[in-house]
Amino acid sequence: MREISFDRKSIRTRLIMAFVVTSFLPIALVNIVAYYNTSRLVRQNVESMTNANLEQIRVGLDVWLDSYEDILYQVYTDDDIVELVDRINAGEDVASNRQMLRRILRGMVYTKDYVKFISVITDSGELVFYNQLTSATTRTSWMDSISMSQEELYREISADNRSHMIPTGDRVVFGSNSCYLFHIGRRIIDYRDVDKRCGIVLVSIDERLLEEICATTENGLNFIVDSEGTLISCAGSGRVGQAAYEKGASADEKKAAYRQIAKETGLLGETALSVYSVCDESTGWEIVRVTSQEELIQALRQQQQLRVFIIVLSLFTVMTIMFSQVTKMTSSIKRVVETMRKAGKGDLHVHVGKDPTRPTEIEVIAEEFNAMMDKLGESMQRQKDAEIAALEAQINPHFLYNTLDTINWMAIDRDEYEISNMIATLAGILRYGISDSNGVVRIRDEVDWLKQYIFLQQTKLKKSFDCHINVAREIMGLPIHKLLLQPFIENAILHGFEGIDRTHELQMDMGQEGDQIVIRIQDNGCGIPAEMVREMNAGIFQKTDNKNHIGMENAITRIHMYYGENARVRIESLEGHGTTVCIWIPIVDTWEENNG
């Protein structure tokens with residue numbers, strides 16, 4: 001018996017590998033996909049919230065700037081201011097008109113928080129302003145903080161009738177105070193002559209207003225950059241008023257510059273910074289938000305660690321249970337296999353013991369094995385009994401033949417030639433039947449033996465029936481198994497002619513149809529009841545009315561055993577009129593196949 005190894009091919013190993021493949025790998029894959037999907041969704045939500053925050057800042061910026069443009073509107077449309085500016089341009093009492101203009105401007109400076117200067121530049125080049133922190137009247141310090149001269153500033157703003165945003169420049173110092181300023185400018189309009197160039201007005205606003213609008217948070221820094229790349233406003237940065245990036249910078253270079261600005265403020269961490277921005281169409285400014293993703297990444301990492309811990313714990317628990325169950329199951333299988341090995345080595349009394357923990361399927365195998373061993377033991381015992389009986393009943397064939405030969409000569413001495421013929425025929429029949437009873441002979445030999453058997457039966461029954469055997473010449477040399485047809489002949493002779501007054505006739509015809517030998521055995525006897533014929537054709541043979549058809553049953557069984565599904569036996573009978581048995585057996589191509 002082949003040895004069974006419990007190694008990589010064992011059921012235990014395969015079950016464990018199957019569990020790993022079908023459980024661990026999918027769980028790990030699902031975990032990875034879930035992690036990246038969660039990260040993507042979180043980042044999308046953060047991005048959505050950030051864009052919403054930037055849009056809110058943009059709207060707030062427009063609202064606040066609109067409110068400061070209202071001050072600007074009051075100045076550049078005021079008729080008194082237009083008249084004073086016209087006088088100054090005409091050179092009329094310039095000092096007095098300047099003073100009157102400053103008074104009007106002073107009243108407007110205090111109408112809005114964060115307004116530091118309101119300045120007027122006339123077409124004649126005069127600068128009139130008012131500020132909250134100094135008493136200077138001839139020179140304003142904010143003019144030195146921007147990159148444009150007074151003439152360039154006047155020329156740009158007076159060229160059209162729209163508002164101009166002047167970006168934050170250098171820090172403006174007011175004694176011990178200082179701040180950054182950005183400016184809104186507009187051309188002064190005389191509605192009596194809208195094309196007339198009178199002058200321009202500028203409102204200077206503290207940059208801290210923009211810082212409040214941007215509302216920098218713990219994990220995000222908001223700042224403003226104009227279309228030229230100048231940093232307009234940024235909490236905690238010393239680069240306000242300076243270029244945030246070089247001209248012609250790409251989008252990635254701009255983002256890198258924005259991250260650097262955020263790092264320099266020290267308000268955010270230095271890693272995992274993300275940049276978002278939105279453009280304000282009314283000013284042309286870009287509102288930028290740089291957020292720190294460190295907390296988000298840390299939260300995702302903690303979530304992943306927790307998920308991994310739960311998965312590992314679950315897998316460990318399942319693996320422990322699975323190992324326990326697999327070990328129990330394989331142990332049961334191993335005990336069954338070991339018992340089978342013992343049986344294979346010759347111990348036919350071994351049985352698989354009872355085990356309540358054994359799986360049902362394995363228990364069925366164990367029970368079937370035990371039942372098989374019981375049947376094998378019974379079979380072995382029957383075989384021994386049969387061998388003993390055969391030894392006890394064994395007769396030496398030579399002794400039998402010699403004895404019959406002696407009787408034969410004694411009959412001849414007494415001129416009993418009929419008895420002599422019967423004894424000689426019987427000796428031939430016995431010699432033919434005992435020698436290789438399951439062997440294969442030619443049809444002519446089988447037919448000769450049948451004729452001898454029928455001769456004995458006719459002698460025994462005092463010629464009470466006639467028998468005719470017709471065999472086609474071309475099949476005489478074909479092979480056939482010995483003693484195959486005798487049970488059908490015997491059945492017809494012993495049972496078929498009972499109770500029949502007419503002449504008893506028995507006929508056997510053998511011929512060839514295609515690739516089959518066809519044998520027809522027919523008698524004109526008493527026949528067989530229809531129900532019994534149906535049962536016999538279905539393979540059911542019963543002993544009724546002291547008639548036993550076991551010989552026919554064995555013969556039919558042997559036919560199917562020798563020739564398989566290619567052989568057929570059909571019984572036809574009409575009660576009171578006789579029985580016909582038709583047998584079809586295949587022709588074997590060569591004699592050697594039948595003797596192989």
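One N or O on the side chain of Q512 and one on the backbone of G514 form a donor-acceptor pair closer than 3.5 Å. Under the 3.5 Å distance criterion, the side-chain polar atoms of N370 are matched with a main-chain donor or acceptor of V352. Between the side chain of R570 and the backbone N or O of W584, no donor-acceptor pair lies under 3.5 Å. In terms of modelled atom types and a separation under 3.5 Å, the side chain of N524 and the main chain of G578 share no donor-acceptor contact. Judged purely by atom type and a 3.5 angstrom limit, T50 has no side-chain atom pairing as donor or acceptor with the backbone of R289. Using modelled atom types, one side-chain atom of E253 and one backbone atom of S250 make a donor-acceptor pair closer than 3.5 Å.
Counting heavy atoms from C-beta outward, I517 and I480 have side chains that stay 4.5 Å or more apart. L506 has its side chain out of reach of Q457: every pair of non-hydrogen atoms, C-beta onward, lies at least 4.5 Å apart. With contacts defined as side-chain heavy-atom distances shorter than 4.5 Å, the pair V440/Y562 does not qualify. Between T339 and V337, every side-chain heavy-atom pair lies at or beyond the 4.5 Å cut-off. Considering only heavy atoms from C-beta on, V518 stays 4.5 Å or farther from M510 through its side chain. Side-chain contact between I583 and I559: present, with at least one pair of heavy atoms (C-beta onward) separated by less than 4.5 Å. Proximity of E55 to V278: side-chain heavy atoms (C-beta onward) are separated by under 4.5 Å at one or more points. Contact of the R558 side chain with the L484 side chain is registered, since non-hydrogen atoms from C-beta on lie closer than 4.5 Å.
A donor-acceptor pair shorter than 3.5 Å cannot be found between the side chains of Y276 and E47. Side-chain atoms of E535 and N537 form no donor-acceptor pair, as typed in the model, at a separation below 3.5 Å.
Residue K451 holds its NZ atom at 9.0 Å from CD1 of I454, rounded to the nearest 0.5 Å. Rounding to the nearest 0.5 Å gives a distance of 4.5 Å between OH of Y453 and CD of Q486. Distance check, rounded to the nearest 0.5 Å: CD of E572 to OG1 of T580 gives 6.5 Å. Atom CG in N53 sits 5.5 Å away from atom CG in N222 (nearest 0.5 Å). With values rounded to the nearest 0.5 angstrom, L273 atom CG is found 15.0 Å from Y258 atom OH. One distance of note links CD1 of I528 with OG1 of T579; it measures 4.0 Å at 0.5 Å rounding.
In terms of heavy atoms, R520 sits closest to C582 at NE-SG, 3.7 Å. When all heavy atoms are compared, the tightest approach of L485 to M508 is CD1-SD, 4.1 Å. When every heavy atom of P487 is checked against every heavy atom of L483, the shortest pair comes out as CD-O, 3.7 Å. Residue K482 comes nearest to E446 through the heavy atom pair CA-OE1, 3.6 Å, listed as atom of the first residue, atom of the second, then distance. Scanning all heavy atoms of the two residues, the minimum distance from A472 to G511 falls at CB-CA, 4.2 Å. Nearest heavy-atom pair, A262 versus L221, reported as atom, atom and distance to 0.1 Å: CA-CD2, 3.6 Å.
Ring pair H481/Y563 is perpendicular by interplanar angle, where above 60° counts as perpendicular and below 30° as parallel.
Residue-environment remark: CE (M476) exceeds the threshold of 12 foreign heavy atoms within 6.0 Å. Counting heavy-atom neighbours within 6.0 Å of E565 CD, excluding the residue itself, gives a total of 12 or less. Counting non-hydrogen atoms of neighbouring residues, nucleotides and ligands closer than 6.0 angstrom, the NE2 atom of H560 exceeds 12 such neighbours. Within a 6.0 Å radius of CD in E338, more than 12 heavy atoms belonging to other residues, nucleotides or ligands are found.
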*Tell me, with the steps shown, if Q458 and F465 meet side-chain contact (heavy atoms from CB on, under 4.5 Å).*
CA-CA 7 Å; Q458 286 179 324; F465 69 93; 3.4 Å; yes
*Determine, step by step, whether I469 and V447 satisfy the side-chain contact (heavy atoms from CB on, under 4.5 Å) criterion, reporting the C-alpha distance in whole Å, the side-chain angles of both residues, the deciding distance to 0.1 Å, and the verdict.*
CA-CA 8 Å; I469 298 178; V447 171; 4.1 Å; yes
*Decide yes or no on side-chain contact (heavy atoms from CB on, under 4.5 Å) for R442 and D445, but give the supporting numbers first.*
CA-CA 5 Å; R442 298 187 186 278; D445 297 329; 4.0 Å; yes
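Residues F369 and H351 keep their aromatic ring centres 6.0 Å or farther apart.
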